[in-house]
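Since the structure comes first, as C-alpha cells, the remarks are kept for the end.
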Amino acid sequence: MVFRFIMLLVGFGLAVSGGISILAYLNLFAVGYDVSSFSSFIVRRVEFYLLIGGFIIITLCLYWPSSSKKKSHKNL
C-alpha cells in the first residue's frame, strides 16, 4: 500500500512538471506558431512524455487491483 502511494506521488510529480512545462510552451502561439506546428513541437519534447507517463502511473496506481487478498473473518 505504501509503494502504491509513493508511486502515485511520483506519477503526480511527473504529470505536474510536464503539464506546467507544456503550459509555458503555450507562449509560442504569441510568437506565431499555429496549432499544427505547436503540436509537432510538443510531441518532440521530453515534457510531453513526462505528462503522459505521469498520467499512466497515476491510472495504474488507482485502478490496478490490489495483490493482497483480504481474509474474511467469521463471527463466532
Side-chain angles (χ1 to χ4, degrees):
M1 188 68 170
V2 173
F3 177 74
R4 288 178 82 164
F5 182 70
I6 291 173
M7 289 305 295
L8 182 74
L9 290 177
V10 168
F12 183 74
L14 290 175
V16 166
S17 64
I20 288 174
S21 297
I22 289 175
L23 284 175
Y25 286 132
L26 286 175
N27 287 324
L28 292 175
F29 284 121
V31 177
Y33 276 58
D34 57 349
V35 175
S36 63
S37 60
F38 178 75
S39 299
S40 65
F41 175 77
I42 290 296
V43 169
R44 290 183 282 132
R45 303 298 299 177
V46 175
E47 292 89 356
F48 176 73
Y49 296 106
L50 287 176
L51 178 70
I52 299 298
F55 281 150
I56 290 171
I57 291 172
I58 290 170
T59 304
L60 288 176
C61 287
L62 291 178
Y63 295 115
W64 195 265
S66 179
S67 62
S68 63
K69 299 190 180 214
K70 295 181 180 179
K71 296 178 181 178
S72 62
H73 297 287
K74 294 181 181 180
N75 292 334
L76 297 176

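All of these numbers come straight from a predicted model, not from anything done at the bench.
- Leu60 and Ile52 fall within a single hydrophobic cluster, where Ile, Leu, Val, Met, Phe, Trp and Tyr side chains are chained together by heavy-atom contacts under 4.5 Å.
- Under the 4.5 Å side-chain heavy-atom criterion for grouping Ile, Leu, Val, Met, Phe, Trp and Tyr, Leu23 is connected to Phe29 within one hydrophobic cluster.
- The side chain to side chain donor-acceptor pair (under 3.5 Å) contacts involving residues 30-49 comprise Tyr25-Arg45, Asp34-Ser36, Asp34-Ser37, where partners must be two or more places apart or lie in separate chains.
- Side-chain contact between Leu14 and Leu51 is absent, with no heavy-atom pair separated by less than 4.5 Å.
- Under the 4.5 Å side-chain heavy-atom criterion for ILVMFWY residues, no single connected hydrophobic cluster contains both Val35 and Val31.
- Connection of Ile42 to Ile20 is not established within any shared hydrophobic cluster, with ILVMFWY side chains joined at heavy-atom distances below 4.5 Å, either directly or through further cluster members.
- When all heavy atoms of Ile58 and Ala15 are compared, the pair lying nearest together is CD1-CB, 4.4 Å.
- No side-chain heavy atom of Phe12 sits less than 4.5 Å from a side-chain heavy atom of Ile57.
- Contact between Arg4 and Cys61 at its shortest, heavy atoms only, is NH2-O, 2.7 Å.
- Considering only heavy atoms from C-beta on, Leu26 stays 4.5 Å or farther from Ile22 through its side chain.
- Val16 is connected to Leu62 through a chain of hydrophobic side-chain contacts under 4.5 Å among Ile, Leu, Val, Met, Phe, Trp and Tyr, so both are in one cluster.
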